[in-house]
Amino acid sequence: MAEHEREREHVRVAVIGSGFGGLGAAVRLRREGITDFVVLERAGAVGGTWRDNSYPGCACDVPSHLYSFSFAPNPDWPRTFSGQERIQEYLEHVADTFRLRPHIRLNSEVKQMRWDAEELRWEIESSSGSLTADVVVSATGPLSDPKVPDIAGLDTFEGKVFHSARWDHDYDLSGKRVAMIGTGASAIQIVPAIQKEVGRLTLFQRTPPWVMPRADRAITAPERWLHRQLPFTTAARRGILWGIRELQVQAFTKRPNELGMIEAIAKRNMGRAIKDPELRRKLTPDYRIGCKRILLSNTYYPALAQPNVDVVASGLSEIRGNTLVAADGTETEVDAIIFGTGFHVTDMPIADRVIADDGTTLAESWKDGMNSLRGATAAGFPNWMTIIGPNTGLGNSSMILMIESQLNYMADYMRQLDVLGGKAALAVRPSAVGAWNRRVQERMKRTVWNTGGCNSWYLDANGVNTTIWPGTTTEFRKATRQVDLAEYEVVRPTEKSTKDVAVETKSPAKKARTKKAEAAA
């Protein structure tokens with residue numbers, strides 16, 4: 001073994017990312033008595049998507065007391081729906097409270113993770129150096145890498161261009177002609193936040209969203225005092241919020257036709273602000289509510305009704321100089337383009353950096369669609385798991401609930417490795433992954449996400465929903481309560497002869513290479 005390999009740092013667990021998933025994993029590892037771990041973060045601060053998305057008006061569409069860890073309640077949320085700055089402050093507070101800072105390595109972007117089948121460890125290369133780990137927990141999240149569409153002529157545009165998740169705070173929008181591309185969760189917050197500031201705002205809309213009223217208000221000082229003095233009231237508030245959403249799931253997953261009443265509320269929300277029949281026609285969706293994520297706003301429709309706002313009911317097709325051309329031929333001259341076009345959700349870039357022992361990347365393994373066991377482990381990649389993996393997303397509740405369930409699974413995974421004793425790895429059986437995903441996709445057939453008549457970011461390039469969990473958070477909690485060793489193969493270190501030739505647990509690819517070498521000899 002080379003000198004530099006002997007000196008390479010080794011840890012029990014390497015956590016990738018420091019958003020809710022990464023920080024949650026770090027806290028849970030410490031609670032399990034595991035302190036030999038690092039958190040590798042590519043940016044200069046913790047926070048994940050709540051650090052990156054600092055655009056005007058950025059806020060969460062899940063109530064604050066539900067969008068926080070159960071083990072780290074915050075009695076001082078200022079509003080029922082918190083803004084980005086408050087959520088970022090909360091995550092920084094979690095990092096400090098649970099003394100995670102010594103484990104966190106900022107400005108450490110992971111370039112590559114390669115499994116060494118002989119040493120049963122992951123070799124990790126990052127921008128701050130290299131190390132090895134027995135287990136990798138990938139918590140990069142699906143909303144981490146912005147997606148910008150391939151628009152003809154974009155590279156020739158002479159004005160300012162940026163994505164909502166990479167907001168340029170140094171660029172002054174005052175009096176500018178601005179194009180907003182997209183009508184997702186970010187766009188409906190950005191539009192009202194910048195409408196009064198810009199000279200003219202043009203919204204390019206491929207598909208109108210369903211927008212419900214946002215029941216946001218300031219949380220009063222007496223309420224916050226009560227939560228501080230009687231912590232069980234905070235837990236009770238969280239429990240009520242959770243329970244309401246659990247009861248709503250049936251309509252999304254089994255009885256989408258019952259969502260018509262919700263559509264009526266959304267239409268009334270639009271009708272209060274949009275009086276122009278033509279504009280109302282443009283903004284009315286033609287698919288079942290819930291098929292795309294339901295958005296919440298009291299200011300989006302009023303902003304669109306203002307005289308300095310235009311809605312182009314067609315996607316952006318081409319850019320000629322400073323002129324934007326929509327698919328329907330509409331031309332608009334602008335000074336700046338803001339893309340609110342989402343993220344690489346079903347084709348997560350981190351998958352290109354995860355490499356099996358035979359050289360296969362996770363992206364190649366997932367070329368026909370993301371799939372994993374219980375949203376956590378992928379076939380062919382031992383001792384590697386992901387937080388917020390395939391089919392763990394939610395359409396109506398808090399992702400923190402799903403994250404905490406996956407942390408339960410991670411904790412039991414580590415316990416099972418300890419119980420096995422010695423050096424060991426768990427390799428999920430492809431048959432277990434296949435069986436799990438067949439059950440998930442069978443349940444998906446009845447859901448509004450598959451039957452609602454829309455083309456959402458929940459679907460991959462093949463039209464398969466690899467994103468959403470088709471059940472309640474309670475069901476997922478039960479499914480991830482513990483690791484079933486029958487779904488895994490236990491891998492031990494390869495025994496070596498005096499010639500250093502692996503004998504027993506060599507991977508199929510290595511066995512093939514050995515046979516070829518023997519034949520050649």
Side-chain angles (χ1 to χ4, degrees), residues 42-45 47-59 84 109 140-209 295 297 300 303-304 306 308-349 352 455 457:
R42 67 182 177 183
T49 190
W50 293 106
R51 174 201 60 236
D52 294 341
N53 287 269
S54 59
Y55 58 79
C58 183
Q84 174 265 338
E109 181 176 7
T140 58
L143 306 183
S144 57
D145 291 281
K147 178 183 288 187
V148 175
D150 185 14
I151 305 294
L154 178 59
D155 57 342
T156 65
F157 181 69
E158 297 177 356
K160 188 68 177 179
V161 179
F162 52 87
H163 190 279
S164 59
R166 300 292 185 268
W167 194 271
D168 188 341
H169 291 277
D170 293 328
Y171 183 73
D172 187 4
L173 292 172
S174 300
K176 300 291 196 308
R177 299 167 300 177
V178 179
M180 182 76 229
I181 315 300
T183 54
S186 299
I188 73 155
Q189 294 178 344
I190 293 170
V191 166
I194 68 173
Q195 174 266 318
K196 294 180 180 179
E197 177 183 358
V198 303
R200 187 147 210 90
L201 179 60
T202 303
L203 177 69
F204 284 78
Q205 169 192 274
R206 283 193 309 174
T207 309
L295 306 181
S297 178
Y300 178 64
L304 295 184
Q306 299 306 309
N308 69 328
V309 179
D310 296 311
V311 176
V312 177
S314 182
L316 178 60
S317 176
E318 181 184 357
I319 298 175
R320 303 172 190 157
N322 278 16
T323 300
L324 276 57
V325 184
D328 64 0
T330 302
E331 296 186 2
T332 307
E333 191 168 344
V334 300
D335 304 305
I337 302 173
I338 302 171
F339 283 103
T341 45
F343 301 84
H344 290 275
V345 175
T346 60
D347 57 341
M348 293 187 287
D352 288 310
N455 182 22
W457 57 266

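All values below come from the heavy atoms of this structure, side chains included, with hydrogens, waters and symmetry mates left out. In this chain, numbering begins with 1 at the start of the sequence shown.
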Side chains of [X] and [Y]: does their closest heavy-atom pair fall under 4.5 Å?
| X | Y | answer |
| --- | --- | --- |
| L203 | L304 | yes |
| R320 | E318 | yes |
| L324 | I337 | yes |
| L201 | D310 | no |
| V334 | N322 | no |
| T332 | T323 | no |
| P56 | Q189 | no |
| F339 | P146 | no |

When you measure from the side chain of [X] to the backbone of [Y], do you find a donor-acceptor pair of N or O atoms at a distance under 3.5 Å?
| X | Y | value |
| --- | --- | --- |
| R51 | A45 | yes |
| T183 | T207 | yes |
| S314 | D328 | yes |
| T330 | A326 | no |

If you look at every heavy atom in [X] and [Y], which pair is closest and at what distance?
| X | Y | result |
| --- | --- | --- |
| H344 | P349 | CB-CD, 3.7 Å |
| I188 | P209 | CG2-CG, 4.5 Å |
| S54 | H169 | OG-NE2, 2.8 Å |
| A336 | F157 | N-CZ, 4.1 Å |
| V325 | L316 | O-CD1, 3.5 Å |

Any side-chain hydrogen bond (donor to acceptor under 3.5 Å, both in side chains) pairs touching residues 147-167, not counting sequence neighbours? K160-D168

Worked check of side-chain contact (heavy atoms from CB on, under 4.5 Å) between M348 and S144: CA-CA 9 Å; M348 293 187 287; S144 57; over 6 Å; no

Are there over 12 heavy-atom neighbours, none belonging to R206, within less than 6.0 Å of that residue's CZ? no

Rounded to the nearest 0.5 Å, what separates atom [atom1] in [X] from atom [atom2] in [Y]?
| X | Y | atom1 | atom2 | answer |
| --- | --- | --- | --- | --- |
| D145 | T140 | CG | OG1 | 7.5 Å |
| E331 | I319 | CD | CD1 | 12.5 Å |
| F204 | I181 | CZ | CD1 | 5.0 Å |

Could you walk me through whether M180 and T202 pass side-chain contact (heavy atoms from CB on, under 4.5 Å), step by step? CA-CA 6 Å; M180 182 76 229; T202 303; over 6 Å; no

Taking NZ, NE, NH1 and NH2 as the nitrogens, is one of them in K176 or E197 under 4.0 Å from a carboxylate oxygen of the other? no

Please identify each residue that fulfils side-chain hydrogen bond (donor to acceptor under 3.5 Å, both in side chains) with T49, with sequence neighbours left out. N53

With side-chain contact (heavy atoms from CB on, under 4.5 Å) as the criterion, how do F162 and Y171 come out once you've worked through the C-alpha distance, each side chain's angles and the decisive distance to 0.1 Å? CA-CA 10 Å; F162 52 87; Y171 183 73; 4.3 Å; yes

